[in-house]
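Notes for the one structure printed next.
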Amino acid sequence: MKEDLLKNINLNKVPQHVAVIMDGNGRWAQKKGMMRTFGHQNAIKAVRSAMEACEDLGIPYLTLYAFSSENWNRPKEEVGFLMNLLFKTLVKELKTFQENNIRLKTIGDLSKIPDKAKKELDIVVKETENNTKATLTLAISYGSRDEIIDAVVKIAEDVKNNSLDIESINDKTFKKYLYSPDIPDVDLMIRTSGECRISNFLLWQIAYAELYFTDVLWPDFRKENFYEAVLDYQKRERRFGKTGEQVKQ
């Protein structure tokens with residue numbers, strides 16, 4: 001099935017940037033009569049599948065919603081487990097990142113992350129910063145409203161300090177103040193588990209993204225599910241405000 005789906009994908013029309021809201025770990029575990037943490041453990045396979053699918057298709061940018069700013073409100077035991085699992089996994093995957101020429105970036109308020117975990121994260125980011133084939137961005141302690149507010153504050157400070165002319169502010173200027181200004185806007189956003197919400201994720205960057213929602217719970221998400229999302233993306237007409245006739249010209 002994977003091979004058949006892959007054959008149907010036009011490799012000249014794949015999205016350049018795919019973002020994923022990885023949802024459903026807890027429900028997946030509960031369906032199996034297990035603790036929510038069991039779902040988080042098994043979510044790693046899905047992350048690998050998404051990364052491998054991007055490599056197969058030549059998609060250079062993948063952004064994963066790993067931990068939202070609101071997730072800090074979850075039970076302390078679950079938060080602690082998630083932090084430990086996330087950063088231990090990154091250290092283990094460093095060799096894979098290097099072998100596949102993948103750069104790791106993060107976005108979010110990292111000041112809330114425990115010091116030990118932050119040091120482990122910094123090591124992986126530093127070790128991969130010169131890799132050029134693909135970029136994996138993890139949104140950790142991330143909230144898009146926070147990102148936008150932070151950008152507005154920085155712009156206001158620069159205007160106040162006369163280092164930015166207020167008349168020069170436009171969408172391109174604003175993008176420079178976001179957490180990852182060097183990464184292109186999202187072309188395709190995928191959310192798993194059947195929920196049809198954006199959940200404060202990359203609100204600026206998904207302005208013209210195609211949205212794809214699937215009932216598959218994240219721990220069950222595999223290459224074929226990723227391919228299906230890309231095939232659906234390729235069936236859509238991306239107009240960016242234009243008419244269909246203008247796009248076809």
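Just so we're clear, the structure is a prediction, and the values are computed from it rather than from any experiment. Only this structure's heavy atoms are used, side chains among them; waters, hydrogens and symmetry mates stay out.
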Grab the two heavy atoms, one from [X] and one from [Y], that are nearest each other, plus how far apart they are.
X	Y	value
K118	I113	N-CG2, 3.9 Å
N200	L203	OD1-CD1, 3.9 Å
I9	L57	CD1-CD2, 3.8 Å
P114	M83	CD-SD, 4.2 Å
V230	P15	CG1-CD, 4.0 Å
P219	G39	CG-O, 3.8 Å

Next on the checklist: Go through it in stages, so that I can follow the logic: the residues are L138 and L86, the test is side chain to side chain contact (heavy atoms under 4.5 Å, CB included), and I'd like the CA-CA distance, side-chain angles, deciding distance and then a yes or no.
Outcome noted: CA-CA 10 Å; L138 296 182; L86 175 61; 4.3 Å; yes
Is there a path from [X] to [Y] through hydrophobic residues (I, L, V, M, F, W, Y) whose side chains come within less than 4.5 Å of each other?
X	Y	answer
L178	L62	no
V79	F87	yes
I198	V186	yes
M51	I44	no
L202	L211	yes

Are any of the side-chain heavy atoms of [X] and [Y] separated by less than 4.5 Å?
X	Y	value
I123	V91	no
K175	K172	no
E228	Y212	yes
I169	V159	yes
Y177	V153	no
D109	D146	no
I102	T128	no
W218	D23	no

Spatial distance of atom [atom1] ([X]) from atom [atom2] ([Y]) [nearest 0.5 Å]:
X	Y	atom1	atom2	value
T106	L104	OG1	CG	7.0 Å
I190	E210	CD1	CD	12.0 Å
L90	I140	CG	CD1	6.5 Å
M189	Q205	CE	CD	12.5 Å
N130	Q98	CG	CD	9.0 Å
D215	T192	CG	OG1	10.0 Å

Does a side-chain N-to-carboxylate-O contact under 4.0 Å join [X] and [Y]?
X	Y	result
R103	D182	yes
E157	K154	no
R197	E195	yes

Verify the distance criterion only: is there a donor paired with an acceptor across the side chains of [X] and [Y] at less than 3.5 Å?
X	Y	value
Y142	E147	yes
D150	Y179	yes
R191	S199	yes

Next on the checklist: A quick test of your reading: do over 12 heavy atoms of other residues, nucleotides or ligands sit less than 6.0 Å from CZ of R236?
Outcome noted: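 Correct, the count exceeds 12.
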Next on the checklist: Does D115, at its CG atom, have more than 12 non-hydrogen atoms belonging to other residues, nucleotides or ligands within less than 6.0 Å?
Outcome noted: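 12 or below, so no.
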Next on the checklist: Could you walk me through whether K105 and I183 satisfy the side chain to side chain contact (heavy atoms under 4.5 Å, CB included) test, starting with their C-alpha distance in whole Å, then the side-chain angles of each, then the deciding distance to 0.1 Å, before giving a yes or no?
Outcome noted: CA-CA 10 Å; K105 288 179 66 71; I183 292 178; 4.0 Å; yes
Determine yes or no for a side-chain-to-main-chain donor-acceptor pair under 3.5 angstrom, with [X] supplying the side chain and [Y] the backbone.
X	Y	answer
N73	E70	yes
D158	I155	no
H17	P184	yes

Checklist entry - Please walk me through it: do Q234 and V14 pass side chain to side chain contact (heavy atoms under 4.5 Å, CB included)? => result CA-CA 7 Å; Q234 292 189 338; V14 296; 3.9 Å; yes
Item to check | Ring geometry between F201 and Y65 (parallel below 30°, tilted from 30 to 60°, perpendicular above 60°) | outcome: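 Correct class here is parallel.
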Checklist entry - Parallel, tilted or perpendicular for F38 and W28, by the 30°/60° rule? => result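 Parallel.
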Checklist entry - Would S141 and W72 count as a side chain to side chain donor-acceptor pair (under 3.5 Å) if you check the C-alpha gap in whole Å, the side-chain angles of each, and the deciding distance to 0.1 Å? => result CA-CA 8 Å; S141 188; W72 291 109; 2.8 Å; yes
Next on the checklist: Applying side chain to side chain contact (heavy atoms under 4.5 Å, CB included) to V18 and Y233, what does each step give before you reach the verdict?
Outcome noted: CA-CA 11 Å; V18 177; Y233 165 87; over 6 Å; no
